[in-house]
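First comes the structure, then the notes that go with it.
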Amino acid sequence: MIAFVHRLLSASAFSLLSASAVLFTCCRHDEPVIPVEEEHIGDTLIVVPPTDSASIRQPVIVGFYLLNEGNMGSNKSTLDYYDYTTATYRRNIYGEANPDVPKELGDVGNDLKIYGNRLYAVINCSNKVEVLDARTCKRIGQVNIPNCRYITFDGKYAYVTSYAGPVSLDASHAQIGYVARFDTATLQIDSTCLVGYQPDELAVANGKLYVANSGGYMVPDYDSTVSVIDLKTFMQTKRITVAKNLWRVRTDAQGQLWVSSRGDYYGTPAKLYCIDPATDQVTDSISIAVSAMDIAGDSLYACATAWDYINYEDVVTYSIINTRTHKVVSTNFITDGTETQIQKPYCVKVHPLTRDIYVSDAKNYVNPGMLHCYAPNGTHKWAVQTGDIPSQIAFVTK
């Protein structure tokens with residue numbers, strides 16, 4: 001699968017290189033910048049994808065960004081970067097790259113994607129999508145969208161879900177959500193499309209946009225539908241009834257959609273559902289909870305911290321599902337017992353070539369979290385401290 005390893009140099013894990021970047025105040029009107037910290041971990045590793053006469057070589061992955069949510073109201077969302085060429089992890093890089101931005105990245109980093117040569121960070125309570133140069137992390141601009149949640153792309157457009165109204169658990173104030181469409185060249189919103197209540201993740205399949213409506217502000221009367229939007233007309237054509245409190249959406253290599261339901265935390269359990277975009281029908285359900293998921297090849301990796309009000313406890317799981325057979329092939333992809341080091345798994349991401357597995361730990365949701373790296377066989381390789389509530393990873397290609 002892998003042609004060859006371009007560079008592989010041994011290095012001692014967790015040797016601290018430096019704590020760089022002093023506090024800047026002159027450009028921020030006396031608001032201190034969170035200092036950049038740098039740490040050397042693991043081994044340098046650049047994998048060159050295979051190539052032959054029938055295919056074009058894929059881009060080389062040179063690193064990844066990690067978005068930390070930060071606590072709501074604290075304005076502490078931060079951005080980290082791991083460089084595969086030097087095995088260096090750098091924390092809090094946004095402020096150093098953008099010293100003239102007064103309030104840094106903002107309040108609650110909710111989603112992170114790379115599209116083309118730009119990095120898009122959805123900052124929920126700051127009501128904006130930050131658009132950055134994916135190579136330098138320098139700010140290009142922002143798109144203002146109230147209570148924005150998640151982002152995806154198709155052609156020249158970006159699509160962002162919005163809860164529309166302010167953050168509120170008062171169901172009487174909940175509003176119908178929408179998807180905002182903006183041009184990635186001009187960063188101008190040209191249209192919006194109403195969907196269900198409190199829409200979360202979204203994905204493109206079969207010429208349509210699928211949006212998971214959570215109804216998270218409507219407790220206990222959650223939404224249970226996936227909105228289907230025709231991309232040509234940008235109009236909602238139908239809603240597919242799936243289950244309560246929907247959240248994550250992914251497409252697999254077969255074109256199927258995988259949608260997670262949180263359930264109601266009482267008698268209705270969390271589950272994972274499969275939808276066929278050709279018929280817009282739910283074709284299967286799997287009795288696992290999903291807080292985060294990622295698909296690599298025919299394997300869907302899922303981790304969950306599912307709260308159970310009946311037993312008043314968190315149920316933590318790490319699963320792998322074969323997307324072709326819909327069978328659970330592993331109930332714990334961490335094989336060496338080191339899952340005990342993780343308090344609250346929050347994000348899972350799989351390197352598409354090496355198949356290394358990255359799992360973030362939000363810990364107590366207040367203090368800095370951790371990022372753990374596992375080999376494809378589930379054995380622990382290294383760990384590093386992150387910002388508060390590490391939530392999203394985006395790989396950078398050369």
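These numbers come from the heavy atoms of this one structure, side chains and all, not from hydrogens, waters or symmetry mates.
Between the OH atom of Y94 and the CG atom of D80 there is a distance of 14.5 Å, given to the nearest 0.5 Å. Note: T283 OG1 to H326 NE2 = 5.5 Å, rounded to the nearest 0.5 Å. Taken from SG in C274 to CD in Q281, the straight-line distance is 12.0 Å, to the nearest 0.5 Å. Rounded to the nearest 0.5 angstrom, I357 CD1 and K381 NZ are separated by 10.5 Å. The structure places CD of Q256 at 11.0 Å from CD1 of I275, a figure rounded to the nearest 0.5 Å. Atoms CD1 and CG, on I286 and L300 in that order, are 8.0 Å from each other to the nearest 0.5 Å.
Listed here is the closest heavy atom pair of G109 and L67: C-CD2, 3.5 Å. Closest non-hydrogen pair, Q385 versus Y89, comes out as O-CE2, 3.7 Å. The two atoms that bring A292 and C347 nearest to each other are CB-CA, 3.8 Å, heavy atoms only. Considering every non-hydrogen atom in both A121 and L112, the closest pair reads CB-CD1, 3.9 Å. Nearest heavy atoms, L105 versus T78: CD2-C, 4.0 Å. Contact detail for E104 and K128: the closest heavy-atom pair is O-NZ, 4.0 Å.
Each of V259, I229, I240, T152 was compared with Y210 under the side chain to side chain contact (heavy atoms under 4.5 Å, CB included) criterion, and only I240 meets it. Applying the ring pair (Phe, Tyr, Trp, His ring centres under 6.0 Å) test between H351 and each of Y301, Y82, F64, Y84 identifies Y84 as the sole match.
Although no hydrogens or angles enter the test, the distance criterion places no donor-acceptor pair under 3.5 Å between the side chain of N206 and the main chain of K208. One N or O on the side chain of T386 and one on the backbone of G369 form a donor-acceptor pair closer than 3.5 Å. Under the 3.5 Å distance criterion, the side-chain polar atoms of S126 are left unmatched by any main-chain donor or acceptor of I123. Remark: side-chain polar atoms of T331 are not paired, donor with acceptor, to backbone N or O of V328 under 3.5 angstrom. Distance alone, capped at 3.5 Å, is enough to place a donor-acceptor pair between the D230 side chain and the T233 backbone.
A single hydrophobic cluster is not seen to contain both W247 and I288; linkage of ILVMFWY side chains at heavy-atom distances under 4.5 Å, directly or through other members, places them apart. Note on Y115: it clusters hydrophobically with V131, by side-chain heavy-atom contacts below 4.5 Å among ILVMFWY residues. Cluster annotation: F153 is not connected to V228 through the hydrophobic network of ILVMFWY side chains, with a link wherever side-chain heavy atoms come within less than 4.5 Å. Criterion: ILVMFWY side-chain heavy atoms under 4.5 Å apart, direct or through other members. Under it, V226 and Y273 are part of a common hydrophobic cluster. Connection of I389 to V108 is not established within any shared hydrophobic cluster, with ILVMFWY side chains joined at heavy-atom distances below 4.5 Å, either directly or through further cluster members.
A heavy-atom distance below 4.5 Å is found between the side chains of V101 and R139. Proximity of Y222 to R262: side-chain heavy atoms (C-beta onward) are nowhere separated by under 4.5 Å. By the 4.5 Å heavy-atom criterion applied to side chains, D200 and L246 are not counted as neighbours. Side-chain contact check for P390 versus L371: every heavy-atom pair is 4.5 Å or farther apart. For the pair L202 and V249, the minimum side-chain heavy-atom distance is 4.5 Å or more. At a threshold of 4.5 Å between non-hydrogen side-chain atoms, the residues D107 and N124 do not count as touching. At least one side-chain heavy atom of I145 sits less than 4.5 Å from a side-chain heavy atom of V129. Residues N147 and P166 fail the side-chain proximity criterion, which asks for heavy atoms closer than 4.5 Å.
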ask   = Please walk me through it: do H40 and W382 pass ring-ring contact (aromatic ring centres under 6.0 Å, His included)?
value = CA-CA 11 Å; H40 190 89; W382 52 260; over 10 Å; no

request  = Start with the C-alpha gap between N245 and D264, add the side-chain angles, then the distance that decides, and say whether side-chain contact (heavy atoms from CB on, under 4.5 Å) holds.
outcome  = CA-CA 7 Å; N245 202 1; D264 64 2; over 6 Å; no

task = Decide salt bridge (Lys or Arg N to Asp or Glu O under 4.0 Å) for D190 and K156; before the verdict, give the C-alpha distance in whole Å, the side-chain angles of both, and the deciding distance to 0.1 Å.
result = CA-CA 12 Å; D190 71 347; K156 70 174 185 175; over 6 Å; no

request  = Start with the C-alpha gap between D361 and K344, add the side-chain angles, then the distance that decides, and say whether salt bridge (Lys or Arg N to Asp or Glu O under 4.0 Å) holds.
outcome  = CA-CA 5 Å; D361 182 4; K344 294 287 191 299; over 6 Å; no

key: Worked verdict on D388 versus N68 for side-chain contact (heavy atoms from CB on, under 4.5 Å)   = CA-CA 6 Å; D388 296 355; N68 300 288; 5.6 Å; no

Audit row: D280, K238, salt bridge (Lys or Arg N to Asp or Glu O under 4.0 Å) steps and yes/no = CA-CA 9 Å; D280 288 338; K238 67 180 76 170; 3.0 Å; yes

message = As a quick check of understanding, evaluate salt bridge (Lys or Arg N to Asp or Glu O under 4.0 Å) for E39 and R90, giving each step before the final call.
response = CA-CA 6 Å; E39 190 169 336; R90 304 185 72 237; over 6 Å; no

task = Run the numbers on L187 and F182 for side-chain contact (heavy atoms from CB on, under 4.5 Å), then give the verdict.
result = CA-CA 6 Å; L187 304 186; F182 69 84; 4.0 Å; yes

inquiry  = Apply side-chain contact (heavy atoms from CB on, under 4.5 Å) to residues Y157 and L231 and explain how you reach the verdict.
reply    = CA-CA 10 Å; Y157 290 115; L231 286 174; over 6 Å; no

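Using modelled atom types and a 3.5 Å distance limit, the side chains of Q198 and S214 yield no donor-acceptor pair. Side chain to side chain, Y217 and D223 fail the donor-acceptor criterion of an N or O pair below 3.5 Å. Side-chain polar atoms of N213 and S227 form a donor-acceptor pair below 3.5 angstrom. Q175 and Y197 share no side-chain donor-acceptor pair at under 3.5 Å.
A salt bridge does not link K138 with D133: every distance from a Lys NZ or Arg NE/NH1/NH2 to an Asp or Glu carboxylate oxygen is 4.0 Å or more. Ionic pairing of D298 and R324 is present here: one or more N-O contacts between side-chain nitrogen and carboxylate oxygen are shorter than 4.0 angstrom.
Taking the ring axis of Y159 as reference, the NZ or CZ atom of R181 does not stay both within 45° of it and closer than 6.0 Å to the ring centre.
In this structure, Y309 and Y265 have perpendicular ring planes: the angle between them is above 60°, well past the 30° mark.
Scanning for side-chain contact (heavy atoms from CB on, under 4.5 Å) contacts around A289 gives A270, A304, A306, with sequence neighbours left out. For E201, the salt bridge (Lys or Arg N to Asp or Glu O under 4.0 Å) partners at least two apart in sequence or on another chain are R248, R250.
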